[in-house]
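All of these numbers come straight from a predicted model, not from anything done at the bench. Quick note on labels: first sequence line is chain A, next is B, and so on, each numbered from 1.
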Amino acid sequence: MRKVIGVLLIVSFAFFVFTLVMRDLWVEDPTAVRTLGQAAIEETIPQSGAANTVTAIVVQFRGLDTLGEVTVLFLSALGVALLSGEFAGRGLKEVFRDDGGFILYYGARLVLPIIILVGVYIVAHGHLSPGGGFPGGVLVATAVYAVLMTGVKKELSTRIMAVIEGFAGLAFVALGLLGLLSDRFSFLANILPKGSLGMVFSAGIIPLIYAAVGTKVAAELSTLVTSLTGSDYASADTTAQGGKR
Amino acid sequence: MISISAVLYSTSLILILLGLYGVLTRKNLIRVVISLDVVDLGVNIFLVTIGYVRDGRAPIYLADAQTSLADQASRMVDPLPQSLVLTAIVIGFGVTAVALTLLMRLYERKGTVMVSDLRGLKW
Amino acid sequence: MVSPMLLIAMPLGAAFLIVLLGSKIAARIVAIATVAFLAVLAPFWLTAAISEPIAIVLADVVPPLGIAFGLDAVSAGFVLLIAVSGLLVLLYSLPYIPHAGEFKGKEKAEVRYYAIFLLLLAGAFGLVMTKDIFNLFVFFEILCISSYLLVAYSQEERALEASFKYMVLGSIGSAFMLVAIGLSYRLSGSLAMTDIAKALAAAPASYSTLVSVLFVFGFGIEAAIFPLNTWLPDAHSSAPSSISAVLSGFVIEVALVVLVRLSLNIFSGTMLLVLSVLALAGVLVGEMAALGQKELKRALAFSSIGQVSMMLFAFTLGSEIGRWAGFGQLLMHAGAKSALFLVSGYFIVRTGSHEIEAYRGLGRKMPAASAFFAIAALSLVGMPPFFGFFTKLRILEAAAAAHSGIGYAGIVVILFATVIESIYLFRIVRTLYGANAEAAVSSSAGGDLPVFAWIAVAGFVLLVLVGGFIIPSFDRLLQPMAAVLATI
Amino acid sequence: MGAMVIVVSVLLIGLAAGAIFVRSLGSAVILLGTVSLLVATTFLLLAAPDVAITEAAIGSALTTLVYVLALKRTNSIDSLDDDGGRQAGKGTAAGQKSGSAAGGSHA
């Protein structure tokens, strides 16, 4: 019976969308960019000094969206940690019974520095080439997973990760308040010098914000996976006993 | 000439419909979360396609390229929908991660993730 | 004048700080201090915003390229409501949260509770202040995800199920909202709501209808509009009572006002009529379902559906007196329903049961709590001396003034709903003061409400008690809000 | 360019249908990861490199990892759709009451 309702709902929605709008969407590719997109392309270099227009929009022109986005990721990491309290005690050892053997063990140690290097590169060059804080942060986090899952290092102290995460978040908010306290009196304003196009240290606070975002994402996602594999409280118990870890 | 945006608008519509059908009819709740992800993918394609311009270039200025900045700018696609999708992807992941953790806990408590066994979830 | 951006920056900074410090005491102090500071500032922003709206330039970039952001009468009114309710519920949470669920790792969980609660407040503040359609989506997601997590906080089976059901519906809603944002940008070439409203008004009917339906679906789920609110009874009844109070207190109402603001500027007349019909259906279904509930919090959750639908009906009447009445009812409901949920929290803690029957004779064991419950219930129903009487009266006046079929139908439905409300609420109050069975009040020392909980509930009940007498001063706030709501 | 978009789109829809309808959950998750990579390719065809990198990093790598952890935690990596890892009837053939393999021919 539920299948029938499902089909009915979908077909009616599809018909509704198709008749109303798809005719209007089934047109040739547009040849000109919309007004706001055009304004963004033109304003990128004068106002932000970044080469990557998408980064200029995401970090500076619509900086509050990115602050919201960081908050959403922070919320989901908090939520996962909150809800996975019960998995305690069954740490990585139980979830991944074997260590992945010789090849994975040494392979991970080999690949580790490369992954971190690429991740940091993507974060640092967010305003010049595609990518930025989020994909770069994720890459660095995958390096941490490689470490955790192939038995190179068993436990990750979530306490240190929480401190890093907190500092990175506070850095982002502080950068925003910096703009508020400056003469421009506007939150998240790009008050630092713009530098010359194409240089790593250009585009004012954009690289700094992306550095903060990258660190925060990397720290958050490592705690996220640690909580999911249940070693969050395992390491907490050890840190409780004099913090040998 | 094939209108790329028309093809991708239809693909995104089909993906959204597929995902919705999956959410409404699948019995295994992990499958419901997978269907939600498919809906998110469909919506993201729809958003980026709005910004597409015929044989447009990536909206990134090349400092040392031969062509002038103004010339590069004229052939760029619309960067705004792309910046919206960047946020949408991260939000989508956030929701998926929390949903899956909820399911793990439900499995801890009830030993099943089938919708038929869960009292409140029939619709 | 201190920039209203603190409303977003401070809760976020405090949440990051709480996670950084990681200790329960630090979390409590930082949370209370932040929200208290904002609650003190809120009246100043309110008086400034009522005289003339405060426009905020973000990132030194002027809209439409930058995000259109600002504080007008409606936003400032809500900022005050959210800040004060948040502060009172935080006070209530101090003694209550340790009782909110039995699971491992409760120490760390409480730290995270305060961080997520602050983020919920930041999301609500952002949602009422933003004038940009995508920024609205981002803050809406922050509000929704923190609600999902806080509903599941007690980690009991029914809470996990309720949270998952709420999340699936919410995700579908936000996917539709994204499509609506895409269509609006494709049509108007801008993300500022004013430009979109103008473009949609000029757009072909098919286009604006689809965008309106998608927005109604997206926000309707969170605003608990009639067919989309199947998640609400489970979520509100299995969430910790402090969170049920916040959800019924302002979270639904914020989503409702955002939807109404969009609809008044974008939708056609027929869509408003559809919304008011759905509202009346919601009033009936909500109140009738509440009649048959055995559990106290489920009855209160269904009553919230009825009350919020009543507000939606008032807003969609289309007249300024209607919007004025809607805001009055919203303010009263925030006070009364929050008090009811907070008190029911301690009924459950003291008796260990959710059933109304288990609270027989609690009137003597928990005199303060029961008295607060009775006052709030009387006001919710609309008994004369209390605030609720004046707000419900004004809705009926607005419905009569509309001189339309829907207006008169509304009067009948609301009166009928009031009768049902009085039946089940007075039945609960009677069991509280019932003579015979001794309630199995657990032997814990503090029989009645702990100090902080007492202060919190007293704060909400004060609004309900005093509201009736200072209506003129409330009008100085509600009237500009009603006027501004019709413009984006 | 246009032809490539059509090929990617058809593949995309086929694999997405597979991810929803295929019976084994393990392969459903792998199909979802593949669909996510194909979506990243579509973004490249739409000249959106930023979004492609983010989709590839978050959409396929991270989401698949969380799904695998979820499947491991609910003991349903190798279970078939109908029993969903129910502790009693774990992945046994007997649990095939109504396995709807409507379009799932891709697994």
Side-chain angles (χ1 to χ4, degrees), chain B residues 5 9 12-13 15-16 19-20 23-24 26 29 32-33 35-52 78 80-81 83-85 87-92 94-110 113 115 117-123, chain C residues 64-65 103-104 116 132-135 137-142 144-149 151-152 154-187 189-191 214 227-228 230-231 233-235 237-238:
Chain B
S5 45
Y9 280 137
S12 62
L13 181 66
L15 280 181
I16 293 174
L20 282 179
V23 167
L24 289 172
R26 290 301 89 188
L29 290 181
V32 167
V33 181
S35 309
L36 279 176
D37 261 352
V38 170
V39 170
D40 269 351
L41 290 177
V43 168
N44 290 343
I45 292 181
F46 175 77
L47 282 176
V48 177
T49 317
I50 288 178
Y52 183 68
D78 186 347
L80 198 90
S83 61
L84 306 186
V85 173
T87 312
I89 292 174
V90 173
I91 291 178
V95 172
T96 311
V98 173
L100 288 174
T101 314
L102 276 175
L103 282 185
M104 293 186 208
R105 290 305 312 284
L106 268 176
Y107 181 80
E108 296 272 359
R109 289 285 169 112
K110 289 200 66 152
V113 277
V115 73
D117 309 336
L118 300 177
R119 176 185 53 80
L121 294 193
K122 296 186 186 49
W123 49 61
Chain C
L65 186 55
F103 49 87
K104 200 177 290 188
I116 297 176
D132 177 277
I133 201 89
F134 186 74
N135 200 241
F137 169 76
V138 171
F139 280 117
F140 187 71
E141 282 299 311
I142 294 175
C144 288
I145 296 180
S146 21
S147 309
Y148 305 149
L149 292 174
V151 163
S154 63
Q155 305 192 22
E156 288 147 8
E157 234 171 81
R158 48 188 272 174
L160 295 170
E161 269 176 53
S163 175
F164 184 79
K165 180 175 176 178
Y166 182 15
M167 180 178 284
V168 168
L169 275 173
S171 309
I172 297 177
S174 49
F176 280 155
M177 219 190 298
L178 267 177
V179 173
I181 290 171
L183 286 173
S184 315
Y185 175 66
R186 188 173 184 283
L187 182 75
S190 145
L191 288 174
L214 290 175
L228 308 170
T230 49
W231 57 272
D234 295 342
S237 55
S238 46

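- Residue contact with chain C, scored on non-hydrogen atoms closer than 4.5 Å, involves the side chain of B:Leu36 exclusively.
- The ring pair (Phe, Tyr, Trp, His ring centres under 6.0 Å) search around C:Tyr166 returns C:Tyr148, C:Trp231, not counting sequence neighbours.
- Using a 4.5 Å cut-off between heavy atoms, C:Ile142 makes no contact with chain B at all.
- Scanning all heavy atoms of the two residues, the minimum distance from C:Phe176 to B:Leu20 falls at CZ-CD1, 3.7 Å.
- Across C:Val138, C:Ile181, C:Val179, the residue that shares the most heavy-atom pairs under 4.5 angstrom with chain B is C:Val179.
- With rounding to the nearest 0.5 angstrom, the CD1 atom of C:Ile172 is 6.0 Å from the CG atom of B:Leu24.
- Proximity to chain B (any heavy atom under 4.5 Å) is shown, for C:Ala175, by both the backbone and the side chain.
- B:Leu80 places a side-chain heavy atom less than 4.5 Å from the side chain of C:Leu191.
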Give every donor-acceptor pair under 3.5 Å between a side-chain atom in residues 40-51 of chain B and any protein atom, sequence neighbours left out.
from	atom 1	to	atom 2	distance (Å)
B:Asn44	ND2	B:Asp40	O	3.4
B:Thr49	OG1	B:Ile45	O	2.4

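- Interface remark: of the candidates C:Gly170, C:Ala152, C:Gly182, C:Gly182 forms the most heavy-atom pairs closer than 4.5 Å to chain B.
- Between B:Asp78 and C:Tyr185 there is a side-chain heavy-atom pair separated by less than 4.5 Å.
- For chain C, the option among B:Ile16, B:Val39, B:Ile91, B:Val85 with the highest count of heavy-atom pairs below 4.5 Å is B:Ile91.
- Note: B:Leu84 leads B:Val33, B:Leu84, B:Thr87 in heavy-atom pairs under 4.5 Å with chain C.
- For the options C:Glu141, C:Glu156, C:Met167, heavy-atom pairs under 4.5 Å to chain B are most numerous at C:Met167.
- When every heavy atom of B:Leu106 is checked against every heavy atom of C:Glu157, the shortest pair comes out as CD2-O, 4.2 Å.
- Of the residues listed (B:Val32, B:Val95, B:Val23), the one engaging C:Ser171 in a side-chain contact (heavy atoms from CB on, under 4.5 Å) is B:Val95, and it is the only one.
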Give the intermediate values and the outcome of side-chain contact (heavy atoms from CB on, under 4.5 Å) for residues B:Leu102 and C:Glu161. CA-CA 8 Å; B:Leu102 276 175; C:Glu161 269 176 53; over 6 Å; no

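- The part of C:Ile145 that comes within reach of chain B is its side chain, from C-beta onward, which places non-hydrogen atoms under 4.5 angstrom from that chain.
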